[in-house]
Amino acid sequence: MNTTNLISIQQFCTHYKVPITFITALQEYELVEITVTDDEHYLQTNQIYDLEKMIRLHYELHINLEGIDAIYNLLKQVESLQSQVKTLKNKLNSYEDL
Amino acid sequence: MAFIDYYSILGVTKKATEGDIKKAYRKLARKYHPDLNPNDKEAEQKFKEINEANEVLSNPENRKKYDDHGEHWQHAEAYEKAKQQQKQNAQQQTYQGDFGGYSESDFSDFFSATFGGSKAKGGRREAKFRGQDFNAKLELNLEDVYRSHKQTLTVNAKNIRITIPAGVENGQIIKIKGHGGKGVNGGPNGDLYIEFSIRNTTQFRRDGSNLYASVDLDIYKALLGGEITVDTIDGKVKLTVKPETQNGTKVKLTGKGFPKYKKEGQFGDLYVTYTIKMPVNLTAKEKELFTELSKLR
């Protein structure tokens with residue numbers, strides 16, 4: 001299997017100095033997806049940005065996993081609302097310019 | 001450089017214990033952390049301030065120095081410079097990542113002058129974090145984003161050549177991977193986020209990839225029909241006006257709108273609304289003919 005876009009969990013955890021249990025716990029909350037191939041556990045590299053956020057929330061802001069789960073759902077809503085606001089602002093501007 | 005009251009930033013008194021400071025900092029960090037306040041510049045600034053305040057007040061040595069010199073920190077600067085001269089070859093302070101994505105430049109001039117520009121040392125995690133994400137705003141005219149083109153930008157004294165895709169929206173943010181700040185402790189570079197501010201000085205109103213325009217029509221053309229030339233964003237086109245066209249009639253010019261973002265060769269539509277202009281300053285002859293016409297109905 002092509003592992004170009006994957007990073008082994010072991011490597012990730014060593015790099016970010018977090019225990020592997022942290023990643024498995026995130027998986028239980030469906031906050032991260034783990035890919036298993038040849039008995040090796042991997043993360044998709046496109047998840048790294050979100051994982052870094054979760055590491056900061058947990059280790060720097062002392063937010064537990066339930067909190068991270070709730071925050072992520074709310075952040076998704078915030079992003080969706082911000083995108084809607086942007087679209088509506090553009091629409092409004094185009095009418096105001098008339 | 002103005003004096004910064006780190007105690008008031010954290011909302012604690014000068015008598016606050018280490019525990020009080022830690023508690024106040026954590027509470028404010030949870031409130032203003034950029035991860036929890038996406039695209040909120042105000043929160044980001046506030047977070048930098050509380051981070052800086054915590055760096056000073058949570059470190060007993062720095063706190064003492066801050067308390068001793070207080071608002072006379074400018075004298076402290078001279079004093080510290082002399083002191084640093086003596087210790088020139090002493091250990092070099094290194095910046096270690098706290099909240100990933102924040103660099104030394106995130107500290108105020110006041111902090112740099114008073115504490116030598118380096119972040120306080122402490123028992124922090126030394127994980128490798130991505131570098132700071134940079135944000136830039138690029139102002140363009142609507143016509144500029146009608147076609148994809150390359151443009152060179154200068155971000156933090158570095159020239160970056162980027163492709164601006166046709167059809168980019170006002171307020172849209174695109175990510176240029178790896179062009180942000182350097183990674184902390186060997187982590188990957190951050191990304192550059194460019195927000196587009198699109199000025200529309202054209203006669204067209206834009207809604208996504210569709211364009212809207214109003215075209216004036218004289219009463220005779222509206223009544224009898226005929227051919228007119230209308231402006232599109234990409235030149236002029238000839239349009240046939242049907243006889244007895246009513247005021248406010250809307251016609252769609254398929255594919256004459258704006259390019260669809262990242263869909264090469266696909267365009268939105270142009271909607272033209274006719275505004276029928278009544279003749280003014282009628283001559284005696286015209287009045288007579290209109291009167292005659294009115295009698296026929």
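Numbered from 1 within each chain, the chains take letters A, B, ... in sequence-line order.
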I'd like to know if the side chain of Q82(A) reaches the main chain of P38(B), judged simply by a donor and an acceptor atom lying under 3.5 Å from each other, with no hydrogens or angles considered.
yes

Please tell me if the side chains of R56(A) and H33(B) come closer than 4.5 Å, counting only heavy atoms from C-beta onward.
yes

Check this for me: Q246(B), atom CD, are more than 12 non-hydrogen atoms of other residues, nucleotides or ligands nearer than 6.0 Å?
no

So does E33(A) have more than 12 non-hydrogen atoms from other groups sitting under 6.0 Å from CD?
no

Is it the case that atom NZ in K22(B) sees more than 12 heavy atoms from other parts of the structure closer than 6.0 Å?
no

Which answer fits K53(A), side chain, backbone, both or neither, if we ask what part of it has an atom under 4.5 Å from a heavy atom of chain B?
both

Any residue meeting salt bridge (charged side-chain N to carboxylate O under 4.0 Å, His left out) with D234(B), in chain and number order, not counting sequence neighbours:
R147(B)

Under 4.5 Å heavy-atom distance to chain A, tell me which part of L36(B) shows up: side chain, backbone, both or neither.
both

State, to 0.1 Å, how close I63(A) and R30(B) come at their nearest heavy-atom pair, and which atoms those are.
CG1-CD, 4.1 Å

Would you find a donor on one side and an acceptor on the other, under 3.5 Å apart, between the side chain of N90(A) and the backbone of N170(B)?
yes

Sequence neighbours excluded, which residues qualify as salt bridge (charged side-chain N to carboxylate O under 4.0 Å, His left out) partners of K91(A)?
D207(B)

Write down the atom of D35(B), the atom of L75(A), and the distance for their closest heavy-atom approach.
O-CD1, 3.3 Å

Should we say atom CD of E40(A) is surrounded by more than 12 heavy atoms from elsewhere, each under 6.0 Å from it?
yes

